[in-house]
4 protein chains.
Amino acid sequence: MTPPRDRPTFTEAARRQQIIDAALQTIAEQGYTQASFAEIARSLGITKGLIAYHFDGRHDLITSAIQTLLSRQSAYVKERVAAHHDAVGRMQAYIAASFDYIAQHRAHVAALVDLWGSFTSPLEKVAFSQTAYEPCRAHLRAIMRAGLEQGVFAECDPTVMAAVIQAGIDGVMLQWVFDPTAVDLAAASHELQTMVMQRIRR
Amino acid sequence: MTPPRDRPTFTEAARRQQIIDAALQTIAEQGYTQASFAEIARSLGITKGLIAYHFDGRHDLITSAIQTLLSRQSAYVKERVAAHHDAVGRMQAYIAASFDYIAQHRAHVAALVDLWGSFTSPLEKVAFSQTAYEPCRAHLRAIMRAGLEQGVFAECDPTVMAAVIQAGIDGVMLQWVFDPTAVDLAAASHELQTMVMQRIRR
Amino acid sequence: MTPPRDRPTFTEAARRQQIIDAALQTIAEQGYTQASFAEIARSLGITKGLIAYHFDGRHDLITSAIQTLLSRQSAYVKERVAAHHDAVGRMQAYIAASFDYIAQHRAHVAALVDLWGSFTSPLEKVAFSQTAYEPCRAHLRAIMRAGLEQGVFAECDPTVMAAVIQAGIDGVMLQWVFDPTAVDLAAASHELQTMVMQRIRR
Amino acid sequence: MTPPRDRPTFTEAARRQQIIDAALQTIAEQGYTQASFAEIARSLGITKGLIAYHFDGRHDLITSAIQTLLSRQSAYVKERVAAHHDAVGRMQAYIAASFDYIAQHRAHVAALVDLWGSFTSPLEKVAFSQTAYEPCRAHLRAIMRAGLEQGVFAECDPTVMAAVIQAGIDGVMLQWVFDPTAVDLAAASHELQTMVMQRIRR
DNA sequence: AATGAATGAGCATTCATTCAT
DNA sequence: CATGAATGAATGCTCATTCAT
């Protein structure tokens, strides 16, 4: 059990992160169901008791892993988008950055696809949707709205556009996770940008 | 032990299908990891021994369930596409039919998303990709090529286009599985068609 | 998990009883906390999985064991008491039978003493009190009341008398469980009968 | 490791007592099995490592707790008994004091009942009997013998009487621990005194 | 004197699987 | 075909204990 501490120690934080990373790696390599405490511990050369010591059970570990996953990807994309100041540039940056992150973090996105199947109740699914998807769509919506207000984007529903663009990114990622030779990430990134731009540019 | 497969009896085939459907329902409702033989058996009022009798282990059941899933969706889409004889109509029909199937078979697609995380080795993932994705993309590629040959589609790479279109469909499905209120399926279907048409029409 | 069956099969009932008896024996010999599924299974030459198959978890096993314990003792005492038809005879029979049962079933009463400490919440304790103690006290109260009505017992509060008499029995049992050489069961039985009779006889 | 016991410091002794009291409280509230080092430590706001530092393992802690329990009760009863100088007064004082202590220390006696089930071997049980029960019975025997010698008690076996009287006290305590509404402690105290006096007074 | 990190054995429980009937 | 009994391996988790700091 994680000791209830006001300020987690340095060791504590480092261990937690180390275990989370090992968990993601193991999930990516062997699948969510095979990623047992024992397996993760083995990959780190520690005992499974230590995992139980640092996390409040499996749910806590998985949740923390998902958090890590999402915040890293989100931070990466946000930074790249922020480098641009026009709606067109930002939209292209969002798509390009998303694909770049995917290409550079195969294990992470593979783990993510596995974790999609880890929710057992509709409530957990909705919660994940709110935590993981909604921020992405909201980001895209904001870019869309800015473009519309500035008059550089053609009329369209930002909500639907956001969902469809994110869908394109995730869908390609999915195909690529299953078989990296089945789809050319760079080409897909380019094509999606083209498609979206042709649709929304005034 | 699975009985010899040379000539499956009628009863045998019916039982298998019954079990597969119950498995899909259970996976959709409770998640892949919760869908144990015992749980599936309970939902059917039979014993788990009987499931083991009709399937060569869990892998066989899951594989068969995925097959069922894919062939039903594929058959539905194929039929709808075949009703059209021009590339534009076929492309729109493919997208529309895919979304319609999704909307009408929530449990099935929910199960599918859960099953995405059920593969433990890269080989299984590649095999799934070949069985599940490749036929869809091939279908889309064929429609694309016909349109290009007929001169009604603008120049583009059919392989990449197929991947991106399928990605858009799957990605929206994913968001909708997690939270049906998060995305409007009909609007997304419409938007994806618009986007694709604007891109590929000459 | 126990399969939900309308009528438990013969094998099922026999196995359950066999496991319960082994559990009581193990508790008596090694203590409640040491009586793990593994230990009980080992003493029977079966696997612990089988115990889990026949009982709905540890709580179910322990509860069933206590039930067995109480009903056997109760049945024995009731039969001995019923052989008498006067209040004096019945009261003496109750005490004598209780001590005789204790003397002849050391393992059972040793297990019972251990199980006294197995309740973790006040609610469980109260429930045990209702199930285990109240029927004993009620039996004694009924004997007392009959004696009072027949005018053979001196005036006294049947409720308090019942509690104190049962207390004497249980308290001696406790001392004898800890060290069989520390107290002479037969002498204690005799003395308690004498004491009670001297108190309640008119 | 326990620090050398030759001259325990003041702090050391205080800590030990503090931990023992917390342990008793926790056992009384949550049961013997739930009273883990972690739980006891949590209730004190210290770490479980500190408990291990002050006690030579769990057995040492439990043993010390029992010692504390017994010596407190014993001291209380001894003092009350010593206030009387005749056998009759002392016998009544012993019973009355025992019940009074019980009534005023519910947590302690609840813990004691739980601890009855904490011995895993016959040897431990016998040792407990010698430490806990024998002194009580010896005290009662001494009172009995004095009464007999002084000619105020009727002829009877002091050993058996002692066992039965103590049994009555413990048995009522047991019922009261399980359900405080099930038995009236004061009435039981009174009744036991009456019963005993009627039996032993010449 | 006290902590936080780590261990390793043991726990109840789950589950796919086997098999005699 | 179908069942119920039984297995054995694996899982998450708990806990007393150890120890460097």
Side-chain angles (χ1 to χ4, degrees), chain A residues 1-3 5 8-12 14-15 33-41 46-62, chain B residues 1 3 9 11-12 15 33-41 46-62, chain C residues 1-3 5 8-12 14-15 33-41 45-62, chain D residues 1 3 9 11-12 14-15 33-41 46-62:
Chain A
M1 200 174 319
T2 314
R5 236 188 325 275
T9 63
F10 174 75
T11 318
E12 162 78 8
R15 262 282 191 248
T33 53
Q34 300 302 312
S36 63
F37 277 25
E39 197 60 31
I40 296 164
I46 60 173
T47 62
K48 57 183 177 164
L50 190 55
I51 301 179
Y53 174 74
H54 284 288
F55 292 87
D56 259 354
R58 170 164 244 260
H59 189 259
D60 184 26
L61 171 57
I62 296 300
Chain B
M1 188 96 48
T9 65
T11 319
E12 160 73 12
R15 259 284 190 244
T33 52
Q34 303 300 319
S36 63
F37 276 25
E39 198 60 28
I40 297 164
I46 61 173
T47 63
K48 57 183 178 172
L50 191 54
I51 299 180
Y53 174 77
H54 283 287
F55 292 88
D56 237 7
R58 171 162 245 260
H59 189 260
D60 184 24
L61 171 59
I62 296 301
Chain C
M1 199 175 320
T2 313
R5 237 189 324 276
T9 61
F10 173 76
T11 316
E12 162 78 8
R15 259 285 189 248
T33 53
Q34 301 301 315
S36 63
F37 277 25
E39 198 59 32
I40 297 164
I46 60 173
T47 61
K48 56 182 178 168
L50 190 55
I51 300 179
Y53 174 74
H54 285 288
F55 292 88
D56 260 353
R58 170 164 245 261
H59 189 260
D60 184 25
L61 172 58
I62 296 301
Chain D
M1 188 96 46
T9 66
T11 319
E12 160 73 11
R15 261 283 190 244
T33 53
Q34 302 301 317
S36 63
F37 276 25
E39 198 60 29
I40 296 164
I46 60 172
T47 62
K48 56 184 178 171
L50 191 54
I51 300 180
Y53 174 75
H54 284 287
F55 293 87
D56 236 8
R58 170 163 246 261
H59 189 259
D60 184 24
L61 171 58
I62 296 301

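Owing to the predicted nature of the structure, the values given are computational and were not obtained by experimental measurement. Per chain, numbering begins at 1; letters A, B, ... match sequence-line order.
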I want to verify a distance call: between [options], whose nearest atom is closest to the [X] side chain?
X: A/Leu50; options: E/dT3, E/dA6, F/dT11; value: E/dA6
X: B/Thr47; options: F/dA6, F/dT3, E/dA2; value: F/dT3
X: B/Tyr53; options: F/dA16, F/dC1, F/dC13; value: F/dC1
X: B/Ala52; options: F/dT14, F/dA5, E/dT18; value: E/dT18

Which atom names give the shortest non-hydrogen contact between [X] and [Y], and what distance separates them?
X: A/Ala35; Y: A/Ile40; value: O-CD1, 3.7 Å
X: D/Thr47; Y: D/Ala41; value: C-CB, 3.6 Å
X: D/Leu61; Y: D/Phe55; value: CA-CD2, 3.6 Å

Hunt down any stem DNA chain F takes part in, defined as 3 or more consecutive Watson-Crick or G-U pairs whose two distances are each under 3.5 Å.
-> E:2-21 with F:2-21
[X] [atom1] to [N] [atom2], straight-line distance once rounded to whole Å:
X: D/His54; N: F/dA16; atom1: NE2; atom2: C1'; value: 17 Å
X: D/His59; N: F/dA16; atom1: NE2; atom2: C1'; value: 14 Å
X: B/Ile46; N: F/dG4; atom1: CD1; atom2: P; value: 11 Å
X: C/Arg15; N: F/dT7; atom1: CZ; atom2: P; value: 7 Å
X: A/Arg58; N: F/dT14; atom1: CZ; atom2: P; value: 15 Å
X: B/Glu12; N: F/dA2; atom1: CD; atom2: C1'; value: 12 Å
X: B/Ile62; N: E/dC15; atom1: CD1; atom2: P; value: 13 Å
X: C/Phe37; N: F/dT11; atom1: CZ; atom2: P; value: 20 Å

Across all chains, not counting sequence neighbours, the side chain to side chain contact (heavy atoms under 4.5 Å, CB included) partners of D/Ser36 are D/Ala38, D/Glu39
To the nearest 0.5 Å, what is the distance between [atom1] on [X] and [atom2] on [Y]?
X: A/Ile46; Y: A/Tyr53; atom1: CD1; atom2: OH; result: 12.5 Å
X: B/Lys48; Y: B/Leu50; atom1: NZ; atom2: CG; result: 13.0 Å
X: C/Thr11; Y: C/His54; atom1: OG1; atom2: NE2; result: 8.5 Å

When the nearest nucleotide of DNA chain E is assigned to C/Ser36 and to D/Lys48 on a heavy-atom basis, which residue is associated with the more 5' position?
->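 Closer to the 5' end of DNA chain E: D/Lys48.
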Base, sugar-phosphate, or nothing: which does B/Thr11 touch, judged by heavy atoms less than 4.0 Å apart?
->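 Answer is sugar-phosphate: B/Thr11 comes under 4.0 Å of backbone atoms only.
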Please tell me which of B/Gly49 and A/Glu39 maps to the more 5' nucleotide of DNA chain F, matching each residue to the nucleotide holding its nearest heavy atom.
->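 Per heavy-atom nearest nucleotide, the more 5' residue is B/Gly49.
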Given that C/Gly45 and A/Gly57 both sit by DNA chain F, which one's nearest nucleotide is further toward the 5' end?
->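 This one resolves to C/Gly45.
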